[in-house]
There are 2 protein chains.
Amino acid sequence: MLVDVIELAILGLLRESELHGYELKKRLREIMGPLSSVSFGSLYPALQRLESGGQVKAVEAADVAPTFPSTGSFAGEAAAFRAATRRVMRGTRNRKVYGITEQGEARLAELIADPSDDERTFPLKLAFCRWCEPEVRLGLLQRRRAQLVERLSEGRRNMRSREERLDRYVRSLMEHDSESTERDIAWLDRLIEEEKTS
Amino acid sequence: MLVDVIELAILGLLRESELHGYELKKRLREIMGPLSSVSFGSLYPALQRLESGGQVKAVEAADVAPTFPSTGSFAGEAAAFRAATRRVMRGTRNRKVYGITEQGEARLAELIADPSDDERTFPLKLAFCRWCEPEVRLGLLQRRRAQLVERLSEGRRNMRSREERLDRYVRSLMEHDSESTERDIAWLDRLIEEEKTS
DNA sequence: GTCATCATGTAAGCCGTTACATGATTGC
DNA sequence: GCAATCATGTAACGGCTTACATGATGAC
């Protein structure tokens, strides 16, 4: 079973709050970065797939968690005001708001637990891992650590075997990559440690 | 003009030495990492495209720079020996060895100079940037730096605006990402500095 | 009233992976 | 001889991006 990035991202975001497609797109961009964020052309069909599969369902527009800009002051009041105005003044009828179903929650847990993770899925899984069992979470972190250790040693091996033929730019690139990987491993070690003590 | 990753990688590698497809694939894997390394299904057609476009040409098999394992000692002799043995003993006739043409070199310079670079093309451009003018190289580094600075501020902005709604995992992820980006910027600063002093 | 943004969707086309097909060479 | 690796290709399939199409809302 291959983990679909879009599916994982949508289910993870809907697990936190109900959202409509357009808003979903913005959140997707926030957590996945400007690059690798999905386009409408794949988001809407993905939502339709998930809906027909029973993982998400359309809900009442009034249930939406609205987007309120971070004005800083009176956040609560501003939010309430905007939520109210939207319901009355703004056409929510043309927005299709989705919520996750029980089946969707089960699917999300399954996706996070799936052992095949890579550069794209790992950050998403980690971002949503509060929705899974502690041991699944620990497994995720440890698997990722093992991958990075492997990557680090492969990188170093490559560097040693080409040593004298490396120009300064390639060398700098490879060294920087190794250092980054080392720091990623140290970061994971901290997370794993925290996970174990709680 | 969109920069094709495969095209850039092939031309960059062939600029250093003549290679056949299979070997090219291995080198590609070394510089691009196991992930994002191209498959045969896209490598061979790409070579054909480049050949019909006149950027690369098939050369005599005897001209091949052979792959010699890094035994460490007597590298030169080992290389000569293997090159000789291959020509005689090994069926080089079924290997199609490619070399870069003058047109290909021009194209490579053009690709590296192209201002549209991203996560995928930047490492490749840097790896091959010794083949371009110093000012082009400096531009590449500075453009990349500007991108990372933008990314860093966007990340921080996102973090601040969601501050209280972040669970520990998302927070850790975002903080780690910011730190990584900061280090990448510092690394680029060192490269830029070196570039200016030489 | 007009422009930017919000909001949802469809369709075509590109590009890359996967799978398939073939055969030589080398080590055991 | 047999398996693993080397070596080169083709074809189908799938998924994602781009572009297109449409319309409401809000700010100035």
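Order of the sequence lines fixes the chain letters, A, B, ..., with proteins taken first and strands second; residue numbering starts at 1 for each chain.
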Checking contacts here: which listed nucleotide (C:dG9, D:dT8, C:dT8) is nearest the side-chain heavy atoms of A:Tyr98? C:dG9
Length of the [atom1]-[atom2] vector between [X] and [N], whole Å:
X        : N      : atom1 : atom2 : value
B:Arg95  : C:dA24 : CZ    : C1'   : 12 Å
A:Glu23  : C:dT5  : CD    : P     : 16 Å
A:Leu24  : C:dG9  : CG    : C1'   : 15 Å
A:Arg120 : C:dT17 : CZ    : P     : 12 Å
A:Lys96  : D:dT22 : NZ    : C1'   : 17 Å
B:Leu19  : D:dA7  : CG    : C1'   : 14 Å
B:Leu28  : D:dA7  : CG    : P     : 15 Å
A:Lys25  : C:dT5  : NZ    : C1'   : 14 Å

Partner of B:Arg151 under salt bridge (charged side-chain N to carboxylate O under 4.0 Å, His left out), picked from B:Asp184, B:Asp118, B:Asp177, is B:Asp177
Got a sec, which residues hit side-chain hydrogen bond (donor to acceptor under 3.5 Å, both in side chains) with [X], two or more places apart in sequence or on another chain?
X        : answer
A:Glu16  : A:Arg130
B:Arg145 : B:Asp189
A:Arg183 : none
A:Tyr44  : none

Taking five pairs at each end, how big is the angle between the two axes of the helix from C:dG1-D:dC28 to C:dC28-D:dG1, to 10°? 30°
The side-chain contact (heavy atoms from CB on, under 4.5 Å) partners of B:Glu7 (sequence neighbours excluded) come to B:Asp4, B:Leu11, B:Leu50, B:Arg107, B:Leu111
According to the ring-ring contact (aromatic ring centres under 6.0 Å, His included) rule, which pairs have a member within residues 173-198 of chain A, sequence neighbours left out? A:His176-B:Trp187, A:Trp187-B:His176
Which Ile, Leu, Val, Met, Phe, Trp or Tyr residues join A:Leu35 in one cluster when any pair of side-chain heavy atoms under 4.5 Å counts as a link? none
Short heteroatom pairs, N/O only, protein and nucleotides 10-16 of chain C, under 3.5 Å:
unit_1	atom_1	unit_2	atom_2	d
C:dT10	OP2	A:Gln48	NE2	3.4

